[in-house]
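First comes the structure, then the notes that go with it.
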Protein chains: 2
Amino acid sequence: MTESKGLTINDVARKCGLSRSTVSRVINNHPYVAKEKKEAVLKAMEELGYKPNSVAQQLRSNKTHAIAVLVPRITNPFYSRLIEKMETEASLLGYQIIICQTRYSKEREVDYLDMLRSRKVDGVILTSIQNDWKDIETYLQYGPIVMCNEFDDQATIPSIRVNQMDGSYLGTKHLIEQGHKKIAYCKGGTKSNIGKKRREGFNKALKEYNLSSVNDVVLTNAFSIEDGKRIFHELPEDITAVFTGGDEVAVGIIFEARENRVKIPEQLAVIGFDNQVISELINPSITTINQPIEEVASKTMEVMIQKLESDKPSNIKEIYEFPVKLIVRQSTVLE
Amino acid sequence: MTESKGLTINDVARKCGLSRSTVSRVINNHPYVAKEKKEAVLKAMEELGYKPNSVAQQLRSNKTHAIAVLVPRITNPFYSRLIEKMETEASLLGYQIIICQTRYSKEREVDYLDMLRSRKVDGVILTSIQNDWKDIETYLQYGPIVMCNEFDDQATIPSIRVNQMDGSYLGTKHLIEQGHKKIAYCKGGTKSNIGKKRREGFNKALKEYNLSSVNDVVLTNAFSIEDGKRIFHELPEDITAVFTGGDEVAVGIIFEARENRVKIPEQLAVIGFDNQVISELINPSITTINQPIEEVASKTMEVMIQKLESDKPSNIKEIYEFPVKLIVRQSTVLE
DNA sequence: ACATAGACTGTAATCGATTTCAATAGTTTA
DNA sequence: TAAACTATTGAAATCGATTACAGTCTATGT
C-alpha cells in the first residue's frame, strides 16, 4: 500500500522540479504560470495523490470555513430540521457546520462561543439564548454572530425568525371562534423572547373578544411530551381549550386524554405549534401553526456567509421576519 | 470597545517581557517555569484577553480535534439520536463533531471523506455506506474510520452495531406466535448489509415454523411514512401481518389503514423497528424493536477517540454488537 | 573547590501552506 | 536603441503556535 501519509506541497515541488510557490500558484489558479509547468505540477499532484493541508491554508488565510450552530438539543425535530437545511446550504457554499448542543446551559453556550475566540470557526449561529445579550455581545469582536429563531431586542446583529406573535394570535383567535371562552396557556419557562411575543399574540386575541378578564390559567415548564402528560392533569375543570405552544406538549395532552377517556376536541380543544410531522399523524390530528423552517434556515445561512465573505462590520441589526400559517385539523374542530 | 482582533502569543510575550516560549510553556502547563514569571504570563493573558489560535495549534500538533459524522439525513430521528449522544460524548472529551449529510449520494460521501485527506478532521464515523468498501478503504491511510450501525463484512475497521438479525428474528417470531402465517416483508432498497441481516432473521423465524414456502411477498423502497402509505395499498389480500423494517413505514401503514377503515391489529398486524418516540404515541401504538442507540453512539465515540489518542494502526477489525429488544404494543396483539 | 545535576529561559527551527518581492527573459513602444 | 511592459519563476517572509537545543544560574555532593 502507498504510504502517502503527510504529503506536502514540498513533495510536489520536488517531484516536478519546481518551487513550491509555483505549485501553490497552480493550486490557486493564479495567472502567469507557463502552460507546460502547470501541467507538470498537475501531473505531479495527481501521481502523488496530493491534497493541500487545509489547516495550513486556514492559518494563512485566517478563515476556517466552519460555522458553529448552537441548538439546545438536536433531537428536537424543530432544531434538526433547521440544521438539516443549514448544513445543506453551507455545504453547497463550501462551509462545514459544527453542531453544538447547549442543553440549555449557560456555561456550555459560553464554551461554544469561545470557539470564535480561538478561531476554530468563522461565525456562530444562535438558535436559542441562555446568557444575557451583554455577555454574548463581547464575542462580536471575534466574528459574526447571527440569531435564528430566538432573538433579543437589544442585540445589534442580524435576526432571522418568524412572526411569533402572529402565530399565537391566529391560533387563539381560531379557538375563540370555535366558541371557547376559557383557554389555558402553556409556556416554557426560560426568559425567551419568543415566549414573550407569543404571549402578546395570545393576549391580543383575547382582548379583541373581550375575554382578557376571565383568562388567567397559565401552565409553566411546557416543553416535552412528558410535560404535556403532566399538564393534562393540572388543567382546571372549567377549561375547554389549551394553547400549548408546541406540538410535543399537545401530543402529550392528547395521549393522556385518550388514556383518561376525555374526548378531543369535544371536551377539550388542543392547539399545537410548529406543524411537526407527528401533528398530522396522531389521532386526532393536531391543529397547529406552521413555521417555514427551511426558509428561515436558508436565509440564516445566506446572511451568515454573506457576512463572512464581505468584510463588512458584523454589528448591524437586520431583521428578517417570515410569516406563519394556521393549519386547522381535528384537535380543535368538531366533525 | 477594546480592539482585540488577532491577539497572538507575541503580544502576550511583549506585554510581560518574556519570550514566547515561556508563554507557550505556561499555556501548556509545562514544568520548569518560575512561579513569578508564570503569574506574570497569566496576568498578561488575562489582561489582554488572549486565547491561543487553535488553527496554529492544529498545524503544529497535526490534530484538529474534529470528527466528521456522516449520516444520510439528520432529520431522521434514528440519526439525530445517534448524533445527539455522539456530540455530547465528543464535547466532554474535547472534540467537535462536523455534521455531514450524504443524502444517500456516493459523491457527497466521497467529498466528505476527503476532509480526512485534507486534514480538516482527525477521523470519520460512517453511519451508512454509499460507496463500495474498496473505495472507502483508500481513505484509511489518512486517519481512522469507524462504522456505526451500518457495516461491511470485508471492512477492516471497528464496527459498532446492534444485532440486526436478532431484531427481525424476534419480531417475526412474535408475529408467527400471534397466529400469522402470511407475512409481508418490507425492505429499503440500497445494498445495505443491515437489510441483509434483517432478511436472514426473518427467514430464520419462518424456517423454524415451516412457513418459508408460503412467504414471498416483499415490498421495496420502504423508508418513509409516505412509503408506508403507498405500501398499504400494495399489500395482497391474503396478508395478515407486515414486517416493516422501520417505525416510519409502520406509521404510514397505520395511518392509511385508519383512513381506509382497516382495523389494526385485527385485520392487519404491523411491526416496526427502532422504537421511535412516535411508535408509542400513535393509536394503535406500534410493536417494535428497540435498539440501544445511545449506547451504540457512546461506544462509537469512545472507540474513535481511543484510536485517535493512541497512535495504534487503524485497520483493525473489532466488532461491538449490542442486543435488541422486542417491545410489544397494540399493533400486533388483540386486547 | 569542582564536578554535576536541576531549574529556568530564550533562540531558532518547524508545521504546510500563501504571497510579496526581486530577478530574469522576452516584447513592445517611443 | 533605450525605456517600459509583460510573463514567469523562485527566495524568503509570514500566519501563530510548539519544541529541540543550548546556555545560564543555582544548589548539591564529594
Side-chain angles (χ1 to χ4, degrees), chain A residues 4-42 44-45 48-65 114-122 142-143, chain B residues 4-42 44-45 48-65 115-122 142-143 311:
Chain A
S4 29
K5 251 188 178 173
L7 273 177
T8 77
I9 198 171
N10 284 311
D11 299 314
V12 179
R14 203 171 308 125
K15 170 113 182 171
C16 60
L18 291 164
S19 74
R20 58 169 185 278
S21 341
T22 304
V23 176
S24 172
R25 288 195 186 95
V26 172
I27 294 172
N28 295 287
N29 253 311
H30 280 179
Y32 302 154
V33 178
K35 200 171 176 188
E36 50 192 298
K37 316 245 166 170
K38 181 169 183 173
E39 276 160 11
V41 170
L42 289 173
M45 296 202 303
L48 290 172
Y50 165 80
K51 177 146 220 211
N53 180 323
S54 69
V55 174
Q57 294 179 312
Q58 285 172 34
L59 179 59
R60 258 316 293 236
S61 66
N62 202 26
K63 287 192 175 6
T64 63
H65 286 259
D114 257 342
M115 301 205 313
L116 210 49
R117 227 158 55 99
S118 61
R119 278 130 229 285
K120 266 201 180 65
V121 296
D122 294 339
Y142 306 110
Chain B
S4 27
K5 250 189 180 173
L7 273 177
T8 77
I9 198 171
N10 285 310
D11 299 314
V12 179
R14 203 171 309 126
K15 171 112 183 171
C16 60
L18 290 164
S19 75
R20 55 170 186 279
S21 347
T22 303
V23 176
S24 173
R25 288 195 187 95
V26 172
I27 294 172
N28 296 286
N29 255 309
H30 281 178
Y32 302 156
V33 178
K35 199 170 176 188
E36 50 192 298
K37 317 245 163 168
K38 181 169 182 173
E39 274 160 11
V41 170
L42 288 173
M45 297 202 301
L48 291 172
Y50 165 80
K51 177 146 220 211
N53 180 322
S54 68
V55 175
Q57 293 180 312
Q58 285 172 34
L59 180 59
R60 259 317 294 233
S61 65
N62 201 26
K63 289 196 174 4
T64 62
H65 285 259
M115 302 204 313
L116 209 50
R117 224 154 62 95
S118 62
R119 279 129 227 287
K120 265 200 181 64
V121 296
D122 293 339
Y142 306 110
D311 281 328

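So you know, we letter chains A, B, ... as the sequences are listed, proteins then strands, and number each from 1. Predicted model, so just to flag it, every value in this text is computed and none were measured.
- Rounded to whole Å, atom C1' of dT19(D) lies 15 Å from atom CG of N62(B).
- Across every non-hydrogen atom of D122(A) and H65(A), the tightest pair is OD2-N, 2.7 Å.
- Distance, L7(B) CG to dA17(D) C1': 14 Å, rounded to whole Å.
- Between C16(A) and A40(A), the shortest heavy-atom distance links the atoms CB-O, 3.9 Å.
- Of the two residues contacting DNA chain D, namely L18(A) and R60(B), the nearest-nucleotide position lying further toward the 5' end is that of L18(A).
- Here dA17(C) presents its C1' atom at 8 Å from CG of L59(A), a figure rounded to the nearest Å.
- Atom CZ in R20(A) sits about 16 Å away from atom P in dT20(C), given to the nearest Å.
- To the nearest angstrom, P of dT14(D) lies 19 Å from CD1 of I9(A).
- Residues from residues 50-58 of chain B that place a heavy atom under 4.0 Å from any atom of DNA chain C: there are none.
- In this structure, CG of N29(A) is placed 16 Å from C1' of dT8(D), rounded to the nearest angstrom.
- Distance from the side chain of N28(B) is smallest to dT18(D) among dG10(D), dT18(D), dC8(C).
- If you take NZ of K38(A) and P of dA7(D), they are 15 Å apart, rounded to a whole angstrom.
- With V23(B) as reference, V41(B) is the one residue of V33(B), V41(B), L42(B) to meet the side chain to side chain contact (heavy atoms under 4.5 Å, CB included) rule.
- Regarding contacts with the backbone of dC8(C), every side-chain N or O of K37(B) stays at 4.0 angstrom or more from both OP1 and OP2.
- A donor-acceptor pair is defined here as one N or O able to donate and one able to accept, closer than 3.5 Å; such a pair exists between the side chain of S54(A) and the backbone of S118(B).
- Regarding contacts with the backbone of dA7(D), a side-chain N or O of Y32(A) is found under 4.0 angstrom from either OP1 or OP2.
- Panel note: side chain R117(B), backbone G49(A); a donor-acceptor pair is recorded below 3.5 Å.
- N28(A) places no side-chain N or O within donor-acceptor distance of the main-chain N or O of H30(A), the cut-off being under 3.5 Å.
- Side chain of R20(A) to main chain of T8(A): no donor-acceptor pair is present (N/O by atom type, distance under 3.5 Å, no hydrogens or angles).
- In this structure, of dA12(D), dT8(D), dT9(C), it is dT9(C) that holds the atom nearest to the side chain of R25(B).
- Two residues are said to be in side-chain contact when any heavy atoms from C-beta on lie closer than 4.5 Å; K38(B) and N29(B) meet this criterion.
- Taking the screw axis at each terminus of the helix from dA1(C)-dT30(D) to dA30(C)-dT1(D) from five consecutive base pairs, the angle between the two is 50° to within rounding of 10 degrees.
- Within the structure, a side-chain polar atom (N or O) of S19(A) is placed less than 4.0 Å from OP1 or OP2 of dG10(D).
- Of the candidates dT9(C), dT8(D), dT19(D), dT8(D) carries the atom nearest the A34(A) side chain, counting heavy atoms from C-beta on.
- Residues V55(B) and L59(A) approach most closely at CG1-N, 3.5 Å, considering heavy atoms.
- Contact of R119(A) with dG16(D) (side chain to base): no donor-acceptor pair of N or O atoms is detected under 3.5 Å.
- As judged by a 4.0 angstrom heavy-atom cut-off over every strand, S24(B) is placed among the base-contacting residues.
- Rounded to the nearest 0.5 angstrom, M45(A) CE and K15(A) NZ are separated by 13.0 Å.
- With hydrogens and angles ignored, a donor-acceptor pair under 3.5 angstrom links the side chain of S21(B) to the base of dT11(C).
- For the pair H30(B) NE2 and dG10(C) C1', the interatomic distance rounds to 15 Å; values are reported in whole Å.
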